[in-house]
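In this text the structure is predicted, and so the values were computed from the model without any measurement. Side-chain atoms are counted along with the backbone in the values below, which use heavy atoms only and exclude waters and symmetry mates.
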Amino acid sequence: MRDEHITLTAGDAEVDVLPGNGGRVGGLRLGGVELLRQGERFGCFPMVPWCGRLRDGRFRDGAAVRQMPLNAPPHAIHGTARNAPWHTARRSTDEAVLTYDLTDPWPYPGRVTQQVSLTEDALTLTMSVETYGSSFPAQLGWHPWFLRSLGGEDVTIGFEPAWQEERGEGHLPTGRRIDPEPGPWDDCFGMPGGVDVTLTWPGQLQLKVTSREEWVVVYDEQQEAVCVEPQTGPPDGLNTHPRLVTPLEPLEASTTWTWTRL
């Protein structure tokens with residue numbers, strides 16, 4: 001159902017899960033304070049079966065060239081699942097499991113499963129992509145919109161990437177790796193030891209975004225919110241760093257947000 005609304009609780013933490021609106025986390029409140037930008041397009045949505053911009057909406061699979069709709073002309077962006085309804089497979093007070101069946105315009109049948117698990121001091125998001133038949137390239141990741149201000153000083157973003165993907169025309173990586181540059185950013189960074197980014201709202205809250213994946217897009221060019229997006233490859237990764245989903249090996253990833261009151 002489009003308007004289904006699941007609320008998870010653990011201690012004074014509350015998470016809203018919206019299966020009908022792209023399987024997104026619609027809100028995260030700690031002691032009643034909302035951390036995520038509100039609105040139908042915001043919260044935190046799963047990016048699948050690709051992340052970020054896909055050049056000209058095209059990718060190659062063997063000899064075939066596949067064309068996706070250009071929802072951010074001249075490119076396609078953030079996959080097909082964020083505007084689609086998901087199905088609730090299981091729910092409890094502190095966990096929800098959602099599924100989404102890959103369908104047109106994506107050319108390969110498959111299933112995405114996302115688990116949302118809440119504790120008193122952490123939220124963990126886990127996602128997998130399985131194929132029903134032939135193997136196919138895919139990516140997955142998450143796109144949270146964290147509020148820049150929680151009513152006090154603006155958030156600061158702390159991380160130590162090994163490299164930055166050089167940003168070329170159309171906000172797409174050129175393929176060159178450069179030394180990390182100061183923000184503002186709409187850029188992809190490499191963290192070979194795993195994503196580890198700390199958001200600090202001075203005097204209020206510290207939140208760490210971690211993942212075993214080594215790619216993260218940081219976007220802080222908007223006034224209202226900042227985005228820290230762990231993902232399984234860089235933008236246009238279906239063409240440059242494809243990860244293959246096979247009948248024996250699904251594509252899996254997770255991210256955990258851990259918070260501490262200051």
Enquirer: Given the rule in the side-chain contact (heavy atoms from CB on, under 4.5 Å) test, do Leu54 and Asn239 qualify, once you have shown the distances and angles that lead to the verdict?
Expert: CA-CA 8 Å; Leu54 182 63; Asn239 291 307; 3.7 Å; yes

Enquirer: Do Thr7 and His5 make a side-chain contact, defined as non-hydrogen atoms from C-beta onward lying under 4.5 Å apart?
Expert: yes

Enquirer: To check you understand the geometry: which heavy-atom pair defines the closest contact between Ala76 and Met68, and what is its length?
Expert: CB-CB, 4.1 Å

Enquirer: Let me confirm one number: the CG-OG1 distance from Leu244 to Thr131, rounded to the nearest 0.5 Å.
Expert: 9.5 Å

Enquirer: For the residue pair Gly152 and Gln204, what are the closest heavy atoms and their distance?
Expert: N-OE1, 3.6 Å

Enquirer: Could you give me the CA-CA distance, side-chain angles and deciding distance for Trp215 and Trp163, then say whether ring-ring contact (aromatic ring centres under 6.0 Å, His included) is met?
Expert: CA-CA 10 Å; Trp215 308 92; Trp163 73 84; 5.7 Å; yes

Enquirer: Is there side-chain contact between Leu205 and Thr260, with at least one heavy-atom pair below 4.5 Å?
Expert: no

Enquirer: Transitively linked via ILVMFWY side-chain contacts under 4.5 Å: Leu18 with Trp86?
Expert: no

Enquirer: Evaluate the criterion side-chain contact (heavy atoms from CB on, under 4.5 Å) for residue pair Tyr100 and Thr80; output intermediate values, then yes/no.
Expert: CA-CA 10 Å; Tyr100 167 71; Thr80 60; 3.5 Å; yes

Enquirer: Would you call Arg167-Glu221 a salt bridge at under 4.0 Å N-O?
Expert: yes

Enquirer: Once you round to the nearest 0.5 Å, how far does CD1 of Ile157 lie from SG of Cys227?
Expert: 9.0 Å

Enquirer: Side-chain contact test, heavy atoms from C-beta onward, threshold under 4.5 Å: evaluate it for Leu8 versus Thr93 and give yes or no.
Expert: no

Enquirer: For the rings on His78 and Trp50, is their centre-to-centre separation under 6.0 Å?
Expert: no

Enquirer: Assess whether a salt bridge exists between Asp236 and Arg53, defined as any Lys/Arg side-chain N lying under 4.0 Å from an Asp/Glu carboxylate O.
Expert: no

Enquirer: Would you call Asp196-Arg212 a salt bridge at under 4.0 Å N-O?
Expert: no

Enquirer: Can you name the closest pair of heavy atoms from Gly27 and Gln38 and give their distance?
Expert: CA-NE2, 4.0 Å

Enquirer: Is it possible for you to say whether Leu150 and Val25 belong to one hydrophobic cluster, with membership spreading through side-chain heavy-atom contacts below 4.5 Å?
Expert: yes

Enquirer: Taking atom CZ of Arg24 and atom CH2 of Trp145, what is their separation to the nearest 0.5 Å?
Expert: 10.5 Å

Enquirer: Are the side chain of His241 and the backbone N or O of Gly233 linked by a donor-acceptor pair below 3.5 Å?
Expert: no

Enquirer: Charged N to carboxylate O under 4.0 angstrom, Arg177 versus Glu165?
Expert: yes

Enquirer: Can you find a heavy atom in the side chain of Pro144 that is under 4.5 Å from one in the side chain of Glu229?
Expert: yes

Enquirer: Side-chain heavy atoms nearer than 4.5 Å, only ILVMFWY residues, links allowed to pass through others: does that put Ile77 and Val217 together?
Expert: no

Enquirer: Walk me through whether Arg29 and Asp16 qualify under salt bridge (charged side-chain N to carboxylate O under 4.0 Å, His left out).
Expert: CA-CA 9 Å; Arg29 290 174 301 284; Asp16 299 319; 2.6 Å; yes

Enquirer: Main chain of Gly20, side chain of Asp3: is a donor-acceptor contact present, judged purely on distance under 3.5 Å?
Expert: no

Enquirer: Here's one to test your reading of the geometry: is the NZ or CZ of Arg37 within 45 degrees of the ring axis of Phe42 and under 6.0 Å from its centre?
Expert: yes

Enquirer: Please name the pair of heavy atoms, one in Thr124 and one in Thr256, separated by the smallest distance, quoted to 0.1 Å.
Expert: OG1-OG1, 3.0 Å

Enquirer: Identify whether Val116 and Met47 are in the same connected component of the hydrophobic contact network (ILVMFWY, side-chain heavy atoms under 4.5 Å).
Expert: no

Enquirer: Less than 4.5 Å apart, any side-chain heavy atom of Thr246 and any of Phe136?
Expert: no

Enquirer: Would you say that Leu102 contacts Pro49 through its side chain, given a criterion of any heavy-atom pair below 4.5 Å between the two side chains?
Expert: yes

Enquirer: For Trp257 and Leu199, run side-chain contact (heavy atoms from CB on, under 4.5 Å): C-alpha distance rounded to whole Å, both residues' side-chain angles, the deciding distance at 0.1 Å, then the answer.
Expert: CA-CA 10 Å; Trp257 307 348; Leu199 299 175; over 6 Å; no

Enquirer: Look at atom CD of Glu160 and say whether more than 12 heavy atoms of other residues, nucleotides or ligands are closer to it than 6.0 Å.
Expert: no

Enquirer: Does a donor on one side chain sit under 3.5 Å from an acceptor on the other, for Thr156 and Asp154?
Expert: no

Enquirer: Would you say Glu4 and Thr88 are linked by a side-chain donor-acceptor pair, where the criterion is simply a distance under 3.5 Å?
Expert: yes

Enquirer: Are the side chain of Glu120 and the backbone N or O of Ala10 linked by a donor-acceptor pair below 3.5 Å?
Expert: no

Enquirer: Return the minimal non-hydrogen interatomic distance between Pro19 and Leu98, and the atom names on each side.
Expert: CG-CD2, 3.9 Å

Enquirer: Around atom CD of Glu224, are there more than 12 heavy atoms of other residues, nucleotides or ligands at under 6.0 Å?
Expert: yes

Enquirer: For side chain to side chain donor-acceptor pair (under 3.5 Å), just list the numbers for Gln206 and Thr200, CA-CA rounded to whole Å, side-chain angles, deciding distance to a tenth of an Å, and then say yes or no.
Expert: CA-CA 4 Å; Gln206 190 170 78; Thr200 304; 3.3 Å; yes

Enquirer: What pair of heavy atoms forms the shortest contact from Val245 to Ala138, and how long is it?
Expert: CG2-CB, 3.8 Å

Enquirer: Does the pair Met191 and Val216 meet the rule for a side-chain contact (heavy atoms from CB on, under 4.5 Å), with working shown?
Expert: CA-CA 8 Å; Met191 303 188 79; Val216 63; 4.0 Å; yes

Enquirer: Taking the side chain as every heavy atom from C-beta outward, state whether Leu207 and Trp201 have any atom pair closer than 4.5 Å.
Expert: yes

Enquirer: Can you tell me if Thr99 and Asp101 form a side-chain donor-acceptor pair at under 3.5 Å?
Expert: no

Enquirer: In Å, rounded to the nearest 0.5 Å, how long is the span from OG1 of Thr232 to CZ of Arg243?
Expert: 5.0 Å

Enquirer: Establish, from distance only, whether the side-chain atoms of Glu95 and Gln115 form a donor-acceptor pair under 3.5 Å.
Expert: yes

Enquirer: Are Arg111 and Tyr132 linked by a side-chain donor-acceptor pair shorter than 3.5 Å?
Expert: yes

Enquirer: Could you check whether Asp187 and Tyr219, counting side-chain N and O atoms only, form a donor-acceptor pair closer than 3.5 Å?
Expert: no

Enquirer: Test of understanding: clusters of I, L, V, M, F, W, Y form through side-chain heavy atoms closer than 4.5 Å, transitively. Do Val33 and Leu147 belong to the same one?
Expert: yes

Enquirer: At what distance, to the nearest 0.5 angstrom, does CG of Leu140 lie from OG of Ser254?
Expert: 10.0 Å

Enquirer: Taking the basic N atoms (NZ, or NE/NH1/NH2) and the acidic carboxylate oxygens, is any pair closer than 4.0 Å for Glu169 and Arg55?
Expert: no

Enquirer: Nearest 0.5 angstrom please: Asp179 CG to Gln164 CD, how far?
Expert: 9.0 Å

Enquirer: Under a 4.5 Å cut-off applied to non-hydrogen side-chain atoms, are Gln114 and Thr126 in contact?
Expert: no

Enquirer: Indicate yes or no: does Asp220 engage Arg148 in a salt bridge with an N to O separation below 4.0 Å.
Expert: no

Enquirer: Is it the case that the ring center of Phe146 lies less than 6.0 angstrom away from the ring center of Trp259?
Expert: no

